[in-house]
Amino acid sequence: MTQDCTAIGISSQTTRNLRRQFATQLFIERTRLLYQGSLLPTVFMLLNGLLCAWLLWSPARYLLVSVWLVWLLALVASRVIQVAAFEAAPAQRQASPSWWRMFLGGSAFSGLTLACAAIALVPVDNFVQQAWVFGLLGMAALSASVAYAVSLPAFLSFALPCLLPPIAFLFYFEAGHQRGWGWLGLILLGALMVVAWQVNRLIDRSLLRRFHNQALSEDLQRVYAQKALEEQERLASTVFEACNEGIVILTADFVLLAVNQAYCQMTGYSRAELIAQALLELPCSSDAQRYNQSMEHALNQHGHWQGELVEARRNGELYPQWLQLTGVRDSDGNLSNVVGFFTDLSARRASEERLRYLAHYDELSGLANRALFRLRLHEAGQRVRLNGRSLALLHIDLDRFKLLNESLGHELADQLLKKIAKRIANAVPEADTVARLSGDEFAVLFDGYSNLSSLVRVTTRLLDKLRVPQRLDGHEVVISASVGISLLSDAAFDANALISQADMAKQHAKHLGGDNFQFYTESLRASTLERLQLENHLRKAVDEGQLLVYYQPKLCLQSGRLHAAEALVRWQHPQWGMVPPSEFIGLAEETGLIAPMGEFVLRQACWQACEWRREGLQIRVSVNLSVYQLRQGKLVSLVRQVLEETGLAPEMLELELTESQLLDSVEHIISTFQQLHALGVKLAIDDFGTGYSSLSYLKRFPVDYVKIDQAFIRGLHEGNQDAAITRAIIAMAKSLDLKVVAEGVETQAQLDFLKAQGCDEAQGYLISRPVDALTFKGLLDGSMRPWVNG
């Protein structure tokens, strides 16, 4: 017990000493805490005051309650403004005693406001209202007293004006339960004083402990400052040695005092060979000797010198070096030391050379890139203007390279491009520039070709060399190219026009099947413009609904009735009239317009089949597919959506794909056909017999029909080869449980032969040309008799 008391005594003495030491800081911190903590009890007092006013609101008290509310609001507003002003004041102004006095005054007025409410507003004869009002005022007094307990004077300035007047009044006015409320007020005041004393004591200790810790921290910082200085010196030494740049410390006379390891590695000399030597007399500083006077002058006048030198290492290797010298002056301002920073620029120069190379040359092939090609073309054009030389441009595009890229992979495709670039460069040694413009496009520029026959000879030689098979990782690859040639022989040079013309000629060569070259001509330009115009009109036709769907009937040879139709797209142009399909179908496939056209035909055909069904006619409609639609990967979902929207039974829809298209992404097409077959849609192979598909592929396709190409039907005569092929196709289809459709039937003899061989369906001009839906219905109405006898 004695030990505890002694400890308490020592603690109290320490606390008093600390309090005296930190008196000013305690005063400032208490003031700050009072202002920070006063907002919440102020708001709470306002809310309780408003609730009290609502409870006491009656005609007899209108004036009194209103005056008290106005006073309360003004008091709360002034406290909020006071807190905001304190927060906005700088730290020096917050230490002024005026803030403390203003706070005590505001606390006293707040307490008196609550006291006035308890004395003047509480009714004498209503115990419930008394309980509510005294309870709310007591809560407000309690919250404010706890917040103001940071400082006992602040607490007393609020608690005494708040509680003593009401307590005295309640004891003096003895009616009813007033004396009981007075005793309750005394108890509350005593409890608040105990709580405030305890809170103040805890906050006081906490603040003293914090100030003590801050003082201790400052002492520790001073202790650690010396250690930090020593650590900085050690760190500077470490950085000196670890720096990638060479660093040397010299006297004012350029005598070496210290060098780091990077400088030794840069020059090839050891530290022992360099220390105490004159820097400018060393073999590794021979170029710096030329700048001796300028270095001394710059250091004395400006304190630094820098420049690029070409120095030699110990083994004799020359290298570019950047030297930066900085002077160090003593207390008298005289140059005492020089610090030198040496940077080896070899890697940077190599990188710059690499960047300059890549700016003009293709990294993969080593040929000129598009930027250098443009520069060479511009220079050649200038020469055309000056001396009238002729200019020829070959634009080379590899055929089907995208397919090879996807099949071989990007790595092997890049190897192939390297070999092709080398072949092109070797095939045209007389060319001025050979460039790679993009992935599989190259350009060859001839500045001053002799005649057209020489260009033909060079281009033919180029195509022949490209066509030679080459081995690539176990694969034998044969590459062909399409070449467009544009010529310039007058002074009206336009580089963009020359490139555009060569590209136009190249596109024409590719359109003709590739593996050939074409010269640009005005007729080709006119044809290209006409094709561009047709493409624009076709896009407008798709958007504006100029497309129509015609239907070519299919005849069932067993029943002799029309029971199916092939949906075919037609274009009714507002000025040109009916545009033949041969003029726009191929263009639609090239431009991707075949996808929206195909979707239009599919929707229209399914809708029309539903219309015929509602009229009592069961007509199966067939729609042609394109590989472009299959590649998009949305065909199955599109067909499912159209069937759901139109309500057409899946077995009443047939989708056709030509046999030659089956070779494009076989596995993907098989997967798509399987999904379509699972929907219940009928599938057919069109133009059967003209492609090169294997029978092993054919049996994997879940098809229902094969359509014999009209080329075999057209030459159909008993005993000839077409008849034999037709019999074989029908027999093969029957063995695979497939139905056979013959297209292009134009004579009765052809129809009789097909029926005799067991062909299932036929279509052609003998039966009907493609007609619109209304005409097709008329054919159905007149087709109730068999088309053939028997």
Side-chain angles (χ1 to χ4, degrees), residues 361-369 394-431 434-444 455-485 505-518 589-590 627-628 630-631 657-671 685 687-701:
Y361 290 91
D362 177 55
E363 186 176 13
L364 178 66
S365 63
L367 301 177
N369 61 11
L394 274 63
H395 194 165
I396 306 167
D397 190 359
L398 304 182
D399 297 329
R400 295 176 295 280
F401 183 78
K402 182 179 179 181
L403 179 61
L404 284 172
N405 195 11
E406 294 174 353
S407 303
L408 300 176
H410 296 298
E411 186 175 350
L412 289 180
D414 287 346
Q415 296 181 20
L416 180 61
L417 282 174
K418 289 182 181 180
K419 293 185 176 182
I420 291 173
K422 189 175 181 180
R423 284 191 177 187
I424 293 176
N426 293 336
V428 287
E430 57 270 72
V434 180
R436 182 187 176 209
L437 302 182
S438 63
D440 60 342
E441 293 188 33
F442 300 84
V444 179
L455 279 178
V456 171
R457 184 173 61 255
V458 169
T459 309
T460 303
R461 181 179 66 207
L462 171 64
L463 292 177
D464 291 341
K465 288 194 174 184
L466 288 177
R467 209 180 296 116
V468 175
Q470 51 187 323
R471 302 291 299 179
L472 193 67
D473 195 27
H475 303 278
E476 185 175 84
V477 181
V478 178
I479 280 288
S480 62
S482 302
V483 182
I485 307 174
K506 181 258 299 180
Q507 293 291 346
H508 185 53
K510 190 171 285 290
H511 182 69
L512 295 177
D515 195 20
N516 71 94
F517 63 89
Q518 296 292 319
E589 291 179 344
E590 292 179 12
V627 174
Y628 188 87
L630 291 170
R631 288 174 181 167
L657 188 70
T658 60
E659 182 188 14
S660 59
Q661 292 174 327
L662 296 177
L663 293 177
D664 188 276
S665 303
V666 174
E667 298 300 329
H668 174 65
I669 294 179
I670 291 175
S671 174
I685 298 178
D687 297 341
F688 190 81
T690 60
Y692 304 96
S693 59
S694 169
L695 291 179
S696 63
Y697 281 154
L698 179 61
K699 70 180 183 180
R700 296 175 59 193
F701 285 94

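Any value given below was found using the heavy atoms of this structure, including those in side chains, with hydrogens, waters and symmetry copies removed.
Partner Ile420 forms a side-chain contact (heavy atoms from CB on, under 4.5 Å) with one of Ile396, Leu398, Val477 and no other, that one being Leu398.
Between Asp464 and Arg461 there is no salt bridge, since none of the side-chain N atoms of the basic residue sits less than 4.0 Å from a carboxylate O of the acidic one.
Contact annotation: the side chain of Leu394 never approaches that of Phe517 to less than 4.5 Å [non-hydrogen atoms, C-beta and beyond]. Proximity of Lys422 to Lys418: side-chain heavy atoms (C-beta onward) are nowhere separated by under 4.5 Å. When side chains are defined from C-beta on, Phe442 does not count as touching Leu437, because their heavy atoms never get closer than 4.5 Å. For the pair Asp440 and Lys402, the minimum side-chain heavy-atom distance is 4.5 Å or more. You'll find the side chain of Ile479 stays beyond 4.5 Å of the side chain of Lys419, heavy atoms only.
Closest non-hydrogen pair, Lys510 versus Asp399, comes out as NZ-OD1, 3.1 Å. Nearest approach of Ser438 to Arg436, heavy atoms of both residues: O-NE, 3.0 Å. Nearest approach of Lys465 to Arg423, heavy atoms of both residues: O-NH1, 2.9 Å. The two residues Leu367 and Val434 have their closest heavy-atom pair at CB-O, 3.6 Å. Taking all atoms of both residues into account, the shortest heavy-atom contact from Asn516 to Ala509 is ND2-O, 3.0 Å.
Note that CD of Gln507 and NE2 of His395 are 8.0 Å apart. Values are rounded to the nearest 0.5 Å.
Looking only at atom types and distance, the side chain of Ser482 has no donor-acceptor partner in the side chain of Asp397 under 3.5 Å away.
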